[in-house]
Peer 1: 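Submitted below is the structure of interest, expressed as structure tokens.
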Amino acid sequence: MKPKIFIDGEHGTTGLQIRARMADRTDLELLSIPEAERRNAAMREDLLNSADIAILCLPDDASREAVAMVAGNNRVRIIDTSTAHRVAPDWAYGFAEMDRIQPQKIRDARHVANPGCYPTGAIGVVRPLRQAGILPDGYPVTVNAVSGYTGGGKQMIAQIEDEKNPDHISAPHFLYGLTLKHKHVPEMKMHGLLERAPVFSPSVGKFPQGMIVQVPLYLEELAPGATLESIHAALVEHYAGQSIVEVVPLEESAKLNRIDATELAGKDTMKLFVFGTSGGTHVNLVALLDNLGKGASGAAVQNMDLMLSA
Ligand SMILES: NC(=O)C1=CN([C@@H]2O[C@H](COP(=O)(O)OP(=O)(O)OC[C@H]3O[C@@H](n4cnc5c(N)ncnc54)[C@H](OP(=O)(O)O)[C@@H]3O)[C@@H](O)[C@H]2O)C=CC1
Ligand SMILES: CC(=O)N[C@@H](CCC(=O)OP(=O)(O)O)C(=O)O
């Protein structure tokens, strides 16, 4: 029998992209709710309890409600794309490349929390350096980022694309999260293995999909002997043997004059760069991804496939 998959929130931004990625899959049975019934709690409860894997593409509160709806069900497994369970100890964090044992943890899990888009980039560059002993305890990490506007879901898409929207945003690029209490900070800290919460400054650009996440570092504050080359080598070693996260060779990144935030739009991969000058005093770690690809829907499908391969 084919595994039954239900995407709760299938008509939203993340849900639609997951559906699109499953359009040609003949190995799955997709359970679907009509768009007009998307908030029909009884129908959702029924579908959630009929699924082998439920993928939640809902706001945090609705995700918690959905999890409660399957509380008595020992069969259904859950992938939650919201922020609700990303630092919960009994949920597996769905970033398969962050650790050698993570794919197995995801395969075995009943509950998988899909990472946030910005944390995928930030954890992607920071965690390998913590594990290699290059980034010391207590280092004050900063994370600066720009996202495509689909990261804000249906509401932000309407605010940016519809000039008649009462809350129309005309700025080509804006900063937000100005209180420095963005909901992604706890997962960056926990899964980035950081002692101190990073200063996180996100922004949005007037393009639908794509993302740049930057973590600049002072070499003199890192473990003795840390260089542009040793940091790059640590990332290369960490990501060896998988095909989703590419560590761009130093010779290649040295030739670049600019990075286009939309380069990976529509793709489910992530590129990591180490910028700086050999023998210099600073490096800038940069992650490039699609907020809806490896940052959301692509990762959700990757996690689903891992769970189905258990
Ligand atoms: N967009 C992105 O880049 C990313 C998003 N995420 C996360 O994915 C989740 C979904 O986000 P996104 O797709 O962007 O959001 P959208 O607003 O685009 O879609 C959310 C969907 O959920 C529906 N919904 C809202 N409340 C309920 C409810 N109580 N019961 C049933 N359905 C409900 C909405 O219906 P309605 O139209 O009626 O509001 C809509 O169809 C969020 O938790 C978000 O944080 C994660 C990573 C990246
Ligand atoms: C541009 C924009 O608004 N982005 C979203 C994050 C998108 C994402 O990763 O979603 P989660 O809500 O699942 O964490 C934000 O900052 O809230």
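Ligands are counted one by one from 1 in listed order, and the atoms in each one are counted from 1 as well.
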Peer 1: Does any N or O of ligand 1 fall below 3.5 Å from an N or O anywhere on D8, backbone included?
Peer 2: no

Peer 1: So for R44, does at least one of its heavy atoms come nearer than 4.0 angstrom to any atom of ligand 1?
Peer 2: yes

Peer 1: Hydrophobic cluster mates of M22, side-chain heavy atoms under 4.5 angstrom, ILVMFWY only, any path?
Peer 2: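 Its cluster partners, ordered by chain and number, are I5, I7, I18, L28, L30, I53, I55, I79, I106, V112, V301, M304, L306, M307, L308.
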
Peer 1: Using heavy atoms and a threshold below 4.0 Å, how should the contact between R38 and ligand 1 be classified: side chain, backbone, both, or neither?
Peer 2: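 Within the 4.0 Å criterion, R38 contacts ligand 1 through backbone and side-chain atoms alike.
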
Peer 1: Which atoms of ligand 1 sit under 4.0 Å from any heavy atom of N291?
Peer 2: 3 (O), 48 (C)

Peer 1: In the hydrophobic clustering that connects Ile, Leu, Val, Met, Phe, Trp and Tyr at side-chain heavy-atom distances below 4.5 Å, which members other than I212 occupy its cluster, ordered by chain and number?
Peer 2: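 Traced through the cluster, I212 reaches V146, F207, V248, L256, I259, L264, F273, F275, V286, L288.
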
Peer 1: Could you verify whether a donor N or O on one side chain and an acceptor N or O on the other, from Y149 and Q209, lie under 3.5 Å apart?
Peer 2: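 No, because no side-chain N or O of Y149 sits under 3.5 Å from a partner of the opposite role on Q209.
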
Peer 1: Could you walk me through whether D137 and R196 pass the salt bridge (charged side-chain N to carboxylate O under 4.0 Å, His left out) test, one step at a time?
Peer 2: CA-CA 8 Å; D137 292 348; R196 298 164 74 179; over 6 Å; no

Peer 1: Which residue and non-hydrogen atom of the protein lie closest to atom 44 (C) of ligand 1, and at what distance in Å?
Peer 2: T81 O, 4.4 Å

Peer 1: Got the closest protein heavy atom to atom 23 (C) of ligand 1, with its distance?
Peer 2: L58 CD2, 4.2 Å

Peer 1: One pair to check against salt bridge (charged side-chain N to carboxylate O under 4.0 Å, His left out): R44 and D8. What are the steps and the verdict?
Peer 2: CA-CA 7 Å; R44 287 176 48 231; D8 199 357; 2.8 Å; yes

Peer 1: May I ask you to identify the nearest protein heavy atom to atom 22 (O) of ligand 1, giving residue, atom name and distance to one decimal place in Å?
Peer 2: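 Minimum-distance protein heavy atom for atom 22 (O) of ligand 1 reads C57 O, 3.6 Å.
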
Peer 1: Just jot down the ligand 1 atoms closer than 4.0 angstrom to any heavy atom of G295, in number order.
Peer 2: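 Selected atoms, number and element: 47 (C), 48 (C).
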
Peer 1: Report yes if some N/O of Q155 lies less than 3.5 Å from some N/O of ligand 1; otherwise report no.
Peer 2: no

Peer 1: S297 and side-chain contact (heavy atoms from CB on, under 4.5 Å): which single residue from T14, T13, D290 fits?
Peer 2: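 It is T14, the one option of T14, T13, D290 that forms the side-chain contact (heavy atoms from CB on, under 4.5 Å) with S297.
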
Peer 1: I need the atoms of ligand 1 closer than 4.0 Å to a non-hydrogen atom of S82, numbered in the order shown.
Peer 2: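 Per the distance check, 43 (O).
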
Peer 1: May I ask you to list the atoms of ligand 1 that are less than 4.0 angstrom from any heavy atom of A296?
Peer 2: 47 (C), 48 (C)

Peer 1: Closest non-hydrogen protein atom to atom 25 (C) of ligand 1, residue and atom name please, with distance?
Peer 2: R39 NH2, 3.2 Å

Peer 1: To the nearest 0.1 Å, how far is atom 28 (C) of ligand 1 from its closest protein heavy atom, and which atom is that?
Peer 2: A62 CB, 3.7 Å

Peer 1: Below 3.5 angstrom, do we get any N/O pair linking T150 and ligand 1?
Peer 2: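 Between T150 and ligand 1, an N or O pair is found under 3.5 Å apart.
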
Peer 1: Should the proximity of K183 to ligand 1, defined as any heavy atom under 4.0 Å, be assigned to the side chain, the backbone, both, or neither?
Peer 2: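 For K183, the contact with ligand 1 is made by the side chain alone.
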
Peer 1: Pick out which of Q102, Q302, R127, H238 makes a side-chain hydrogen bond (donor to acceptor under 3.5 Å, both in side chains) with E97.
Peer 2: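 Running side-chain hydrogen bond (donor to acceptor under 3.5 Å, both in side chains) over Q102, Q302, R127, H238 with E97 returns exactly one hit, Q302.
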
Peer 1: Counting both backbone and side chain atoms, is some N or O of E65 under 3.5 Å from an N or O of ligand 1?
Peer 2: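 By distance alone, the answer is no.
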
Peer 1: Can you see whether N303 engages N114 through a side-chain donor-acceptor pair at a distance of less than 3.5 angstrom?
Peer 2: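 Per modelled atom types, N303 and N114 side chains form a pair under 3.5 Å.
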
Peer 1: Begin with the C-alpha distance, continue with both residues' side-chain angles, and end with the deciding distance and a verdict on salt bridge (charged side-chain N to carboxylate O under 4.0 Å, His left out) for R86 and E187.
Peer 2: CA-CA 6 Å; R86 291 181 189 153; E187 67 185 286; 2.8 Å; yes

Peer 1: Using 0.5 Å steps for rounding, measure from the NZ atom of K154 to the CG atom of L16.
Peer 2: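 The NZ atom of K154 sits 8.0 Å away from the CG atom of L16.
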
Peer 1: Which protein non-hydrogen atom lies closest to atom 4 (C) of ligand 1, naming both residue and atom, and how far is it?
Peer 2: T14 OG1, 3.7 Å

Peer 1: Would you say the side-chain atoms of D52 pair up with the backbone N or O of K4, donor to acceptor, closer than 3.5 Å?
Peer 2: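 Side chain of D52 to backbone of K4: a pair is present.
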
Peer 1: Would Q131 and E237 count as having a side-chain donor-acceptor pair, cut-off 3.5 Å?
Peer 2: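 No, because no side-chain N or O of Q131 sits under 3.5 Å from a partner of the opposite role on E237.
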
Peer 1: Identify, for atom 18 (O) of ligand 1, the protein heavy atom at the shortest distance, and state residue, atom and that distance.
Peer 2: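 Atom 18 (O) of ligand 1 sits closest to the protein heavy atom T13 OG1, 2.6 Å.
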
Peer 1: Examine the side chains of H173 and S203 and answer whether a donor and an acceptor come within less than 3.5 Å of each other.
Peer 2: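 S203 and H173 do have a side-chain donor-acceptor pair below 3.5 Å.
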
Peer 1: When you measure from the side chain of R38 to the backbone of H11, do you find a donor-acceptor pair of N or O atoms at a distance under 3.5 Å?
Peer 2: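 No, R38 side chain to H11 backbone: no donor-acceptor pair under 3.5 Å.
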
Peer 1: Counting from 1, what ligand 1 atoms have a heavy atom of G151 closer than 4.0 Å?
Peer 2: 1 (N), 2 (C), 3 (O)

Peer 1: Can you tell me which residues line ligand 2 if we count any heavy atom under 4.0 angstrom from one of its atoms, in chain and number order?
Peer 2: T81, T83, R86, G116, C117, Y118, S147, G151, G152, M156, Y176, H182, K183, H184, V204

Peer 1: For atom 14 (O) of ligand 1, what's the nearest protein heavy-atom neighbour? Residue, atom name and distance, please.
Peer 2: G153 CA, 3.2 Å

Peer 1: Which of the numbered atoms in ligand 1 are under 4.0 angstrom from any heavy atom belonging to H11?
Peer 2: 41 (O)

Peer 1: Applying side chain to side chain contact (heavy atoms under 4.5 Å, CB included), name anything that partners E229, two or more places apart in sequence or on another chain.
Peer 2: T227, L250, S278

Peer 1: Do S32 and E10 have side-chain N/O donor and acceptor atoms under 3.5 Å apart?
Peer 2: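 Yes, E10 and S32 have a side-chain donor paired with an acceptor closer than 3.5 Å.
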
Peer 1: Check this for me - ligand 1, K154, N or O atoms closer than 3.5 angstrom, yes or no?
Peer 2: yes

Peer 1: Start with the C-alpha distance between R25 and D305, add both sets of side-chain angles, then the distance that settles salt bridge (charged side-chain N to carboxylate O under 4.0 Å, His left out), and finish with yes or no.
Peer 2: CA-CA 11 Å; R25 297 277 300 251; D305 284 332; 2.7 Å; yes

